[in-house]
Q: 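Handing you a structure now.
Starting from 1, each residue takes its place in the sequence as its number. Every number for a ligand or one of its atoms is a count from 1 in the order of the listing. Not measured: the values here are computed from a predicted model.
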Amino acid sequence: MKADIGMRRMRIMLIDDDLFALRLLERQLDNIGFPDVTACRSGADAIARLDQGVDRAELVFCDLQMPDMDGVEVVRHLVKLGYSGALVLVSGEDRRILDTAYRVAKGHRLNVLGVLRKPVDPVELRAIMEGTFSSGAAAANEPRKQYAPRELAQAFVRDELVNYYQPKVDIRTGELVGVETLVRWNHPGSGLVLPDQFIAMAEESGLIDELTRFVLTSALRQSRRWQDAGHTLQIAVNVSMESLAVLDFPEWVERAALEAEHSVSNLMLEVTESRLMRDATTPLEILTRLRLKRIGLSIDDFGMGHSSLAQLRDIPFTELKIDRSFVHGACRDASLRAIFEASLAMARQLGMRTVAEGVENQEDWDFLRGCACDLAQGFFIAVPMPAKELDRWMEDWEARRGVLLGVGAQD
Ligand code: G
Ligand code: G
Ligand code: MN
């Protein structure tokens with residue numbers, strides 16, 4: 001409905017070698033209020049028209065399977081042209097090819113609104129078009145704000161960093177087992193800033209060590225308060241592999257736990273490797289010594305980035321966190337399910353505990369209930385929250401938990 005008003009002037013280009021598909025999509029777009037459509041029967045033609053300025057487009061629908069230039073090549077040419085509009089991929093190919101093409105386009109940082117299977121379902125088309133104008137397009141192109149190291153250094157002094165906590169629950173019993181600590185920056189100008197906007201900068205500017213120590217100390221202090229209130233929780237803290245460079249880190253962690261009267265075996269360090277490391281010996285040494293001190297080590301975002309089988313071989317991890325991209329939606333996607341289940345089997349054979357991240361809906365939860373996975377974490381269970389909100393969540397969860405376990409057992 002929203003799409004009928006105000007957006008009639010949006011310029012759209014369709015690229016498909018199949019004339020019938022072109023006409024059909026043209027008509028479908030017209031029906032929901034988008035008449036300004038140029039149809040091209042080849043990628044080369046479309047790219048030439050855009051390049052020469054014969055046509056402009058704010059949205060391109062591109063077919064994947066085309067004889068002279070396929071859709072993936074079109075994507076590459078769009079990037080070369082500096083195309084800044086939105087893209088929808090359309091194809092009769094199977095879901096996996098479509099999904100891969102989607103990731104390729106995303107990888108080029110194009111604003112991909114979605115993928116459509118042919119023949120295009122008018123309801124799906126409408127959903128994509130409405131999504132475009134509500135939020136998606138504009139937000140996706142917004143530049144990320146850069147923060148200066150000096151600002152972050154001040155944030156420590158001004159006490160602007162605050163820990164959020166996200167529950168991890170036992171899939172069998174629903175019991176709250178622990179929390180993952182996720183730091184936020186309460187920035188005086190920007191409001192609450194998420195870590196993906198300042199962790200990399202902290203690593204590059206040498207502030208990461210101070211950040212890790214700050215996060216860990218306050219998490220342990222918070223854990224002490226929960227313990228005093230009768231809740232013994234396992235505390236997980238994120239540590240990037242690149243920051244494991246200071247040799248006294250294991251001793252420091254041990255001392256911090258001791259001071260907070262927190263058992264080291266109830267402390268978990270979630271390790272991620274965001275880029276390939278130059279010197280891998282020091283982190284390896286530090287990780288091994290952390291394990292010798294009985295501190296738990298978790299391999300985070302398993303299956304993505306640089307978290308690899310080689311790391312499983314080389315580092316004595318105690319927990320495997322399967323990346324959310326293999327969890328959410330796994331019940332409907334055979335490839336995801338295969339990867340997810342193989343990861344679980346591998347972890348079990350290595351004697352590791354397993355955590356599924358990204359449990360976003362009831363479907364994900366029910367699916368997990370039938371898998372041999374130990375813990376679940378995700379928006380469906382709880383979003384990351386400040387410490388003071390955990391009590392309330394625990395009460396709510398007690399009520400929800402019974403229902404959820406019942407639901408899972410029925411099917
Ligand atoms: O909710 P979320 O946006 O908090 O976290 C985004 C990313 O930031 C995650 O990959 C998480 O592992 C990372 N992260 C969160 N807190 C910390 C931290 O204290 N240290 C490090 N190194 N990474 C963190
Ligand atoms: O990389 P790491 O696993 O530490 O990342 C934690 C990040 O995942 C945080 O940014 C957190 O906010 C986010 N997160 C937690 N639960 C969910 C979820 O169910 N879905 C999605 N998409 N993100 C989640
Ligand atoms: Mn994590």
Q: What's the atom name of the N, O or S in Glu180 nearest to the Mn ion (ligand 3)?
A: OE2
Q: Have a look at Glu203, Lys321, Met241, Arg184 and point out the one with the heavy atom closest to atom 1 (O) of ligand 1.
A: Arg184
Q: Which option out of Tyr164, Phe380, Phe379 puts a heavy atom nearest to atom 14 (N) of ligand 2?
A: Phe379
Q: Which is closest to atom 6 (C) of ligand 2 by heavy-atom distance: Leu182, Asp301, Val327?
A: Leu182
Q: Heavy-atom contacts with Ser240 under 4.0 Å: which atoms of ligand 1 show up? List them by number with element.
A: 22 (N)
Q: Heavy-atom distances under 4.0 Å decide this one: backbone, side chain, both or neither, for Asn238 against ligand 2?
A: side chain
Q: If you look at Glu270, which of its N/O/S atoms is nearest to the Mn ion (ligand 3)?
A: OE1
Q: Look at atom 8 (O) of ligand 2 and say which protein heavy atom is nearest, naming residue and atom and giving the distance to 0.1 Å.
A: Arg324 NH1, 2.8 Å
Q: Judged by atom type as modelled, is there a donor-acceptor pair below 3.5 Å linking the side chain of Glu360 to the main-chain atoms of Phe379?
A: no
Q: Suppose you place the vertex at the Mn ion (ligand 3); what is the angle out to Asn238 OD1 and Asp300 OD2, to 10°?
A: 80°
Q: Can you figure out which of Glu180, Glu357, Met304, Glu270 has its heavy atom closest to atom 4 (O) of ligand 2?
A: Glu180
Q: Using a 4.0 Å heavy-atom cut-off, which part of Gln166 comes near ligand 2: side chain, backbone, both, or neither?
A: side chain
Q: Closer than 3.5 angstrom, by distance alone: can the side chain of Asp16 be matched with the main-chain N or O of Leu22 as a donor-acceptor pair?
A: no
Q: Tell me, please: is Ile199 in heavy-atom contact with ligand 1, that is, under 4.0 Å?
A: yes
Q: Testing Val355, Leu344, Val327 for side chain to side chain contact (heavy atoms under 4.5 Å, CB included) with Cys373, which one passes?
A: Leu344
Q: Taking non-hydrogen atoms only, is Thr272 closer than 4.0 angstrom to ligand 2 via side chain, backbone, both or neither?
A: neither
Q: How about atom 21 (C) of ligand 1: does it have a protein heavy atom within less than 4.0 Å?
A: yes
Q: Taking both backbone and side-chain atoms of Gln377, is any N or O found less than 3.5 Å from an N or O belonging to ligand 2?
A: no
Q: Pick from Lys321, Arg324, Lys168: which one makes a side chain to side chain donor-acceptor pair (under 3.5 Å) with Gln377?
A: Lys321
Q: With a 4.0 Å cut-off on heavy atoms, is Pro384 touching ligand 1?
A: no
